[in-house]
Amino acid sequence: MRTLAIDIGGTKIALGIVENDELIERVQIPTPQAESADQFAQAILASAAQWLANVDNIGVSTTGLVTKEGISAINPDTLAFPSPFPLGQVLETLTNKPVSMLNDAQAASWYEFIKLDTAVKNMAFITVSTGVGGGIIIGGKLHSGQSGLAGHVGHISIDSQGPICGCGQTGCVEAIASGTAIKKASDAEFTSPINNIELFEQADVNPKAETIILRSADAIATLCCTLKATLDLDVVVLGGGVGLARGYLDRVKIAIQSRPDAFQVPVIEAVGNYDACLLGAAYQFKE
Ligand code: BMX
Ligand code: ZN
């Protein structure tokens, strides 16, 4: 089976071919403005044209809430989808291939779960990237809820005095910990703007950079402990550009160690690395 995998993030779209469980081709484009599902699908398919004739199906993992009607944003600041946005149906019509679609972090959680030790039954995948996304596996099954919202753990509010989140709540983990939140904090701190990669590089020598990163890691630690308390997770798998940045996981682990024993939970890096959501897109066809 050859699957065209598409991972739609707030900043970039990754596309690839997955065959025999391996990602054998990969390209990446910046995420275009989502004006309509039609225009968005055309933009994506233009980058996959060379592969289309030879794939059996298309797996999509996307930022946003995925329902039968299409995709919608929980936090439109990360990617605003006009309503309706029936991307799956449009892709099916344009390609004549079966299309399966899941939220990005839900898809990645399934991939990461399959790759884990079989003793694990309950786990969460957390991506710290443009936003903070999540996917939850309970009793060995992906739990997405009746409306598909389950796993949107980036919108657990942890600070009633915290920043306003694009979802409309105050103090969401996403508003404190995401790559977007980190960039906002660094823009407020430094007169000459630096990007998040530079921020991480400077952390060893610049205490202000370290403080910004620690604030994010501490919010993710709170989220891990909250999920442990709620779901008694065996493990949390961390992914995303920020989640996988050098030293980030260690900062999260140290912050968790300072919490009470009952809420300790192991946190590990995604085996799918930066492509966990892309591989998850393809693994929807693997029950
Ligand atoms: C937001 C939300 C989630 C998504 C998460 C990570 C939108 C558009 N997205 O919380 O559905 O899983 O961001 O998204 O509301 P990413 O773009 O950072 O991968
Ligand atoms: Zn929110």
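Given the structure is predicted, the values throughout are model-derived calculations rather than measurements. When a ligand or atom number is given, it counts from 1 through the structure's own listing order.
- Ring geometry, Tyr111 versus Tyr283: the interplanar angle exceeds 60°, so the pair is classed perpendicular (tilted spans 30 to 60°).
- Checked against a 3.5 angstrom limit, the closest N/O atoms of Pro76 and ligand 1 fall outside it.
- In this structure, Ile24 is a member of the same hydrophobic cluster as Trp51, with clusters built from ILVMFWY side-chain heavy atoms closer than 4.5 Å.
- Taking every non-hydrogen atom of Gly133 and a distance limit under 4.0 Å, the qualifying atoms of ligand 1 come out as 5 (C), 6 (C), 12 (O).
- Its N, O or S atom nearest to the Zn ion (ligand 2) is what matters here, and for His155 that atom is ND1.
- Residues Ile138 and Val120 fall into different hydrophobic clusters, defined by Ile, Leu, Val, Met, Phe, Trp and Tyr side chains chained together at heavy-atom separations under 4.5 Å.
- Using modelled atom types, one side-chain atom of Asn103 and one backbone atom of Ala105 make a donor-acceptor pair closer than 3.5 Å.
- Distances below 4.0 Å separate heavy atoms of His152 from the following atoms of ligand 1: 3 (C), 11 (O).
- Every atom of ligand 1 is numbered from 1 in the order shown, and the set under 4.0 Å from a heavy atom of Gly10 is 17 (O).
- For Asn103, every heavy-atom contact with ligand 1 shorter than 4.0 Å involves the side chain, none the backbone.
- The backbone N or O of Ala124 lies less than 3.5 Å from no partner atom in the side chain of Glu112, so there is not a single donor-acceptor pair.
- Ligand 1 has no atom lying under 4.0 Å from any heavy atom of Gln106.
- A side-chain donor-acceptor contact under 3.5 Å links Thr130 and Thr11.
- Annotation: angle subtended at the Zn ion (ligand 2) by Cys165 SG and Cys172 SG is 110°, to 10°.
- Across the listed options Thr63, Ile8, Thr180, Asp104, Asp104 owns the non-hydrogen atom lying nearest to atom 19 (O) of ligand 1.
- For the pair Lys121 and Asp232, the salt-bridge criterion is not met [side-chain N within less than 4.0 Å of a carboxylate O].
- Rounding to the nearest 0.5 Å gives a distance of 8.0 Å between CD1 of Ile17 and CD of Gln50.
- The hydrophobic cluster containing Leu278 does not contain Leu238, counting ILVMFWY residues as joined when their side-chain heavy atoms lie under 4.5 angstrom apart, directly or transitively.
- Ligand 1 places these atoms under 4.0 Å from at least one heavy atom of Ile74: 7 (C), 15 (O).
- With a 4.0 Å heavy-atom cut-off, ligand 1 is reached by the side chain of Thr78 but not by its N, CA, C or O.
- The protein heavy-atom contact nearest to atom 13 (O) of ligand 1 is Glu174 OE1, 3.5 Å.
- Within the set Gly9, Ser129, Ala34, Gly64, the minimum heavy-atom distance to atom 16 (P) of ligand 1 is found for Ser129.
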